[in-house]
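Okay, structure first, notes after.
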Amino acid sequence: MFSLGRSGLDEAFAALDRLAGDLPRRALADALNHTANQARIALRAEMESVFDRPTPFTLNALRIFNARPDSLEAAIWVKDDKDNNAKGQAPEDWVAPQVFGGPRVDKKSEMLLR
């Protein structure tokens with residue numbers, strides 16, 4: 001059995017009041033993070049349909065900057081760091097032309113053929 005005295009009850013109400021003051025910002029941050037995650041899933045599905053046989057490295061290149069209660073901002077971007085398997089190019093090098101338009105970066109073999 002659980003018993004709570006009057007002073008314990010006052011402390012519990014005070015803790016709930018403190019939590020309630022912070023709850024709307026937490027709820028907004030959670031909503032932003034959920035929206036960003038759903039957008040990442042939709043972008044990944046779009047990448048699968050637009051690119052010809054995309055590799056897991058390309059599909060997993062999307063990153064999320066999560067919102068926090070003190071900073072209500074969430075963002076999605078394509079990672080810009082190179083991987084050992086990328087042969088000198090970051091995923092943004094071949095994803096950015098698809099998003100913004102323009103020519104893509106030439107492959108080394110294409111440069112050698114020219």
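Nearest heavy atoms, W77 versus I64: CZ3-C, 3.7 Å. Taking every heavy atom of both residues into account, A67 and N33 meet most closely at N-OD1, 2.6 Å. Of all the heavy atoms in R40 and I76, the pair that sits closest is N-CD1, 3.8 Å.
Neither F65 nor V78 shares a network with the other; the hydrophobic side chains, linked directly or stepwise wherever heavy atoms of I, L, V, M, F, W or Y lie under 4.5 Å apart, form separate groups for each. Linking Ile, Leu, Val, Met, Phe, Trp and Tyr whenever their side-chain heavy atoms come within less than 4.5 Å puts L43 and F51 in one cluster.
The OG1 atom of T35 sits 10.5 Å away from the CG atom of D30 when rounded to the nearest 0.5 Å. Here the straight-line distance linking atom CZ of R53 with atom OG1 of T58 works out to 12.0 Å at 0.5 Å rounding.
Checked for salt-bridge contact, R44 and E48 meet the test: a charged N lies under 4.0 Å from a carboxylate O.
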